[in-house]
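Below is one structure, written out as structure tokens; the observations come after it.
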Amino acid sequence: MQHCKTESKDAFYFAGMFRITNIEFLPEYQQKESREFLSVARTVQQVINLVYTTSAFSKFYEQSVVADVSSNNKGGLLVHFWIVFVMPHAKGHIFCEDCVAAILKDSIQTSIINRTSVGSLQGLAVDMDSVVLNAGLRSDYSSTIGSDKGCSQYFYAERLSLHYPLEISATSGRLMCHFKLVAIVGYLIRLSIKSIQIEADNCVTDSLTIYDSLLPIRSSILYRICEPTRILMSFVSTNNLMLVTFKAPHIWRLSGIRAYFEVIPEQKCENTVLVKEITGFEGKISSPYYPSYYPPKCKCTWKFQTSLSTLGIALKFYNYSITKKSMKGCEHGWWEINEHMYCGSYMDHQTIFRVPSPLVHIQLQCSSRLSDKPLLVEYGSYNISQPCPVGSFRCSSGLCVPQAQRCDGVNDCFDESDELFCGIPCNNRTFKCGNDICFRKQNAKCDGTVDCPDGSDEEGCTCSRSSSTLHRIIGGTDTLEGGWPWQVSLHFVGSAYCGASVISREWLLSAAHCFHGNRLSDPTPWTAHLGMYVQGNAKFVSPVRRIVVHEYYNSQTFDYDIALLQLSIAWPETLKQLIQPICIPPAGQRVRSGEKCWVTGWGRRHEADNKGSLVLQQAEVELIDQTLCVSTYGIITSRMLCAGVMSGKRDACKGDSGGPLSCRRKSDGKWILTGIVSWGHGCGRPNFPGVYTRVSNFVPWIHKYVPSLL
Ligand code: 4AZ
């Protein structure tokens, strides 16, 4: 709850507005002396009197004063008013701002039946959504109701494409100006500021403030400038009116503003773009009213389509970047791109965001309280399988720079990623690449990231072969510690939620459906538990840095149910007895029905259980003929395979999702990740085998993110 301090000894001023929906605007309302204005003002004042004289604040209520009755783009009348309370001997007392506003809002009677936001305020038809009321200053009260004219002025702008000048200057004395700008109905106001001369005092006394209303109401501030500037800046209202206040109470050298305003039409912010076949940037999209600051209430939709399915959409943001939505607030734009949420933030360099899909649907919603800096985004297509051209280096931000610029001491990537892991003198704390270049990263060998320019740190890395710890499982039924060293338990906000498999030092493979949903798609609440046997007792736990859900994942059909997870911390070499990657099958590998494989996990042991198992479970299952599986379920795609036993009994269940279906290759004894636990009709039901994601169909997709995998 907010409180406000009195400026004078005992009077409190509140500035507010609301929209009356059932009275048509007449030009006479612009004349404060007209019968029409006085009649509406009297009615509104009486209504407000009634509201507060029957409230808990009746003792302190003094009066209400209607300052303006204006047209607006939503129809009806927009009424701006002041409410004054007097508390005798208030001395330091505070007046609850939220209470004063709540009394007014709660007095509006709405009916749920007609489902509109219009309610009745003592007989006046008032739009609930339009009501705003904030504490204000006595000086603003005096100058806006006309008792202290100062340099307050009205401007009625009726002509399009005309620059209406707004200029004021003084070299001594004081300036307290209120410029009320009103445009014809259906249009907006754009204020362009050429220069401001002002004392920079952190907005304490000197400021230029732009309001989305006709009274200085704090919650409708569009922007505030409290420092001198000569850079052209422009701001757009959300209605056909705007208030500009300029305050410089102690002038002793040149102060003032040079500005102009225009009447502009409302712009729709949507576009459908067909992107050409050639890769590269070819066009631009921008925030609404570019190059003006964009208003706080905005929504844009852009649809992109490339001409080839192998091309995705690249977006180059100027001085801006978008990152996966996190738990923190999102103050500079919500971006929804193909159903994934991102938050925007300003930075001092350009960033590139690639969407590996030929069809991209983007929605931007402005999320800042004030107007925000204009955004410019270049778009174009890129080759999904080759995001950077041959001979160039891919920066962490996605930007491509010539390979020759890597390690040249210049921050060409802007995020310094081209200058990371460049050669330093070799010692026992560095890693030595094949070409004798050393860099500072321990355990760089086989961590899934190519660190050496020659790739030697990721050469010869291998996945799990049958080892001494493993024969016990093959022959038996018990899961022994270390038996399935690639098995991972994924915890969401501290609880076991899904399984996954280790495929490199920092990458895991799991099911996309584990991460479907607003909170589930955010890596922050997830932890990966590796080298675990009894649930909760992992040998190694890492937060999750990144979740890559397959872009074609379909939550209705479970098609493309695959996701890659990048660990924040690579698991240490010292745990290799208990943690080992499983091999990815060769691309397009066909499987033999009847082959015996193993499914493992901490999921439920019976369909009716309500919690998972404490000890890692294993079950031997058979790969099932695809045609038989299609005839069982009907909706089996080539990205799925079935495994189980037709009698039921051996199967995966809830909680095992994302975990491995491991098959041992006879020729070399290596374990292959043939499937990922995905879905099924119940668990262990006769004739309804478990359905798994067919990993051999995703080898190029996995290599795109984990290029070092063999
Ligand atoms: C699940 O709900 C689930 N019997 C996983 C696997 C199977 C069924 C359900 C297969 O996560």
Side-chain angles (χ1 to χ4, degrees), residues 479 484 486-493 495-501 508-517 519-521 526 528-529 535 547 549-550 553-563 565 591 593 595-614 616-626 628-637 639-663 673-695:
T479 1
W484 305 98
W486 48 87
Q487 174 79 51
V488 178
S489 178
L490 294 177
H491 288 206
F492 180 72
V493 202
S495 303
Y497 195 84
C498 265
S501 305
L508 314 178
L509 205 56
S510 185
H513 79 258
C514 295
F515 314 100
H516 185 69
R519 288 193 66 206
L520 291 169
S521 63
W526 288 97
H529 297 241
Q535 183 53 259
I547 301 171
V549 169
H550 198 285
Y553 167 63
N554 183 326
S555 58
Q556 251 98 52
T557 60
F558 278 52
D559 204 2
Y560 294 89
D561 193 11
I562 191 167
L565 268 72
V591 292
S593 54
E595 189 185 338
K596 301 263 197 322
C597 299
W598 292 83
V599 59
T600 45
W602 288 272
R604 294 182 189 184
R605 292 163 65 179
H606 306 279
E607 206 180 298
D609 283 358
N610 62 2
K611 60 176 194 300
S613 151
L614 201 60
L616 181 62
Q617 300 293 297
Q618 63 185 32
E620 197 183 27
V621 287
E622 251 174 44
L623 303 187
I624 304 226
D625 177 66
Q626 192 78 352
L628 177 61
C629 198
V630 171
S631 65
T632 306
Y633 282 112
I635 39 166
I636 299 297
T637 69
R639 273 77 54 189
M640 302 173 189
L641 65 83
C642 293
V645 280
M646 275 310 182
S647 61
K649 302 253 170 3
R650 278 185 260 149
D651 194 4
C653 198
K654 205 172 163 67
D656 293 321
S657 283
L661 174 71
S662 315
C663 305
L673 184 64
T674 301
I676 298 169
V677 179
S678 179
W679 61 282
H681 175 56
C683 309
R685 298 188 185 190
N687 302 317
F688 286 103
V691 185
Y692 297 79
T693 311
R694 191 185 283 269
V695 178

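Counting convention: from 1, in listed order, for ligands and their atoms alike.
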Ignoring hydrogens and geometry beyond distance, is a side-chain donor-acceptor pair present between [X] and [Y] at under 3.5 Å?
X      : Y      : result
His491 : Gln535 : yes
Arg604 : Gln617 : no
Ser501 : Trp484 : no

Response to the item:
the protein heavy atom lying closest to atom 9 (C) of ligand 1 turns out to be Lys654 N, 4.2 Å

Worksheet, complete the sentence: Of all protein heavy atoms, the one nearest atom 6 (C) of ligand 1 is Val677 CG1, 3.8 Å

For [X], take its heavy atoms, then give the atoms of ligand 1 lying under 4.0 Å from any of them.
X      : value
Gly682 : 4 (N), 8 (C), 10 (C)
Cys653 : 3 (C), 5 (C)
Ser657 : 1 (C), 5 (C), 11 (O)
Asp651 : 4 (N), 10 (C)

Discussion item. Under 4.0 Å, heavy-atom basis, I'd like to know which part of Trp679 is in contact with ligand 1: side chain, backbone, both or neither.
Written reply: backbone

Fill in: Within-cut-off N or O pair, Gly680 and ligand 1, under 3.5 Å
no

Discussion item. Check this for me: Tyr553, atom OH, are more than 12 non-hydrogen atoms of other residues, nucleotides or ligands nearer than 6.0 Å?
Written reply: yes

Discussion item. Any salt bridge linking Glu607 with Arg685? Criterion: basic side-chain nitrogen under 4.0 Å from a carboxylate oxygen.
Written reply: yes

Practice prompt. Check the angle between the aromatic planes of Phe558 and His513 and answer parallel, tilted or perpendicular using the 30° and 60° thresholds.
Written response: tilted

